Protein chains: 2
Amino acid sequence: MTAAAALFAEQGYRATTMRDIARELGVTPGAIYAHFSSKQDLLLAVYRLGVTMIGERVDMAVKAAGTPWERLEAAFRAHIESLVDASPFASVIVRILPGDAPEIGDRLIALRDDYEDRFKRLFDDLDTQRDQSLPRLLALGALNWVPAWYAPGGESPAAIAAALCALLRGGARAGEPAP
Amino acid sequence: MTAAAALFAEQGYRATTMRDIARELGVTPGAIYAHFSSKQDLLLAVYRLGVTMIGERVDMAVKAAGTPWERLEAAFRAHIESLVDASPFASVIVRILPGDAPEIGDRLIALRDDYEDRFKRLFDDLDTQRDQSLPRLLALGALNWVPAWYAPGGESPAAIAAALCALLRGGARAGEPAP
DNA sequence: AAAGAAAGTGAATGAACGTTCATTTACTTT
DNA sequence: AAAGTAAATGAACGTTCATTCACTTTCTTT
């Protein structure tokens, strides 16, 4: 599953062949079918594990943080770290679109919705009167696009999370003393 | 090219076959090769046209706007509209990743960089001292992720652009009178 | 009307795809 | 040691893929 996750995340679902995965493992393609009934089944298992892993990592980070804004920033940081660190499972969630495997698309959507519900709650806990669904969707988009430009030498996940949180709190004037 | 753009945007590059495109046009697959030397060549042409179209649309919107912040918001709105309206060319830019067609990946990256340079300039024109590269990357990510959750009945492109611009200007307190 | 170019056909190509299966290997349990 | 189970093999399957090509149709130019 690790090999499959890495290839799915790197090349996409359609571009990754069962032979690719088998070669990475040093086995024959047929061997995979002793563990997964189909390529879609393998993707579903990888996707499910990815959602579980990033979910637990975010939950743990949130639990360790104090105020609602700190909790949100911790969630951002954990989300980004999950996407850019060595473990490829979380990346699959962002890289594979439900339409890539139409027959299990509904289940992929449900899994991702389960994960993203966390952020709905985190935004609701902020003490702003305004409806937060648009900021939440924009923030999640900004987060999920990070792998497209992230470079190990550049801004750290913590710095990116802080910057996004600052935007939500105070816009371009972030860093100045809060009122 | 329109048929190819629609299918590339909807299903992705790998999942779209030359037969799909030919069927959509009511011709035989071989007929396409009278106009494009390969599938990659077709993608490149579609991508290039997509960049041109969204670029012109953004340029036009920017030109019609006044202050730097209004120009940025106009660019956001034009970008979103290009991604969600009926024309499928712009969507290709967001949907197809350079890794989908490795042999022309470099050229795809170059084309997208050319387009995104506009936003670099728009951010530079804002009268903030702070470095705007992180906000710019986050904002572009938020924009490019819009097609993942946009629904025709919901928030309009203009509303989404305004919300994102408000975040950059004033965070969660957006809508209150500016200082 | 003739000539030439452009566009499209229909059939074929080799390669690569997901998947299957009888058989063998390696390991665990008795 | 015997029996049973899980994992892996190696070869094949039917299908689909991008691409090619000799040939015909359609259009444009003279």
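Bear in mind the structure is a predicted one, so any value in this text is a computation, not a measurement. Below, read A as the first sequence line, B as the second, and so on, with proteins coming before strands; counting in each chain starts at 1. As a basis for the values below, the full set of heavy atoms in this structure was taken, side chains included, without hydrogen atoms, waters or symmetry mates.
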Checklist entry - Mind checking whether Phe119(A) and His79(A) have parallel, tilted or perpendicular rings, split at 30° and 60°? => result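 If you compare the ring of Phe119(A) with that of His79(A), the planes turn out perpendicular.
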Using whole Å, what does the distance between atom [atom2] of nucleotide [N] and atom [atom1] of [X] come to?
X        : N       : atom1 : atom2 : result
Phe36(B) : dA6(C)  : CZ    : P     : 16 Å
Ile32(B) : dA6(C)  : CD1   : C1'   : 16 Å
Tyr33(B) : dT13(C) : OH    : P     : 17 Å
Arg23(B) : dG10(C) : CZ    : C1'   : 17 Å
Leu43(A) : dG18(C) : CG    : C1'   : 14 Å
Lys39(A) : dT20(C) : NZ    : P     : 14 Å

Next on the checklist: Run the side-chain hydrogen bond (donor to acceptor under 3.5 Å, both in side chains) test on Ser133(A) and Asp131(A) for me, step by step, so that the C-alpha distance in whole Å, both residues' side-chain angles and the decisive distance to 0.1 Å come before the verdict.
Outcome noted: CA-CA 6 Å; Ser133(A) 52; Asp131(A) 176 34; 2.8 Å; yes
Item to check | Any pair counted as salt bridge (charged side-chain N to carboxylate O under 4.0 Å, His left out), so long as it reaches residues 148-165 of chain B, sequence neighbours left out | outcome: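 Passing the test, one end in residues 148-165 of chain B: no pairs.
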Next on the checklist: I want to check one thing: is the phosphate of dA6(D), taken as OP1 and OP2, less than 4.0 Å away from some side-chain N or O of His35(A)?
Outcome noted: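 His35(A) to dA6(D) OP1/OP2: no side-chain N or O under 4.0 Å.
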Next on the checklist: Taking the six-membered ring of Tyr13(A) as reference, does the cationic atom of Lys39(A) (NZ for Lys, CZ for Arg) lie under 6.0 Å from its centre and within 45° of its axis?
Outcome noted: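 Here Lys39(A) passes the 6.0 Å and 45° test against Tyr13(A).
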Item to check | Atom CZ of Arg112(B) with >12 non-hydrogen neighbours under 6.0 angstrom | outcome: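 It does: Arg112(B) CZ has more than 12 such atoms within range.
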Next on the checklist: Nearest to the side chain of Thr28(B), heavy atoms from C-beta on, is which of dT20(C), dG8(C), dA8(D)?
Outcome noted: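 Of the options given, the side chain of Thr28(B) lies nearest dG8(C).
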Checklist entry - Hey, is the main chain of Ile21(A) close enough, under 3.5 Å, to the side chain of Glu24(A) for a donor-acceptor pair? => result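 Side chain of Glu24(A) to backbone of Ile21(A), a donor-acceptor pair under 3.5 Å: no, none is there.
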Next on the checklist: If you take any heavy atom closer than 4.0 Å to DNA chain D, which residues from residues 5-21 of chain A end up in contact?
Outcome noted: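 The answer is Arg19(A).
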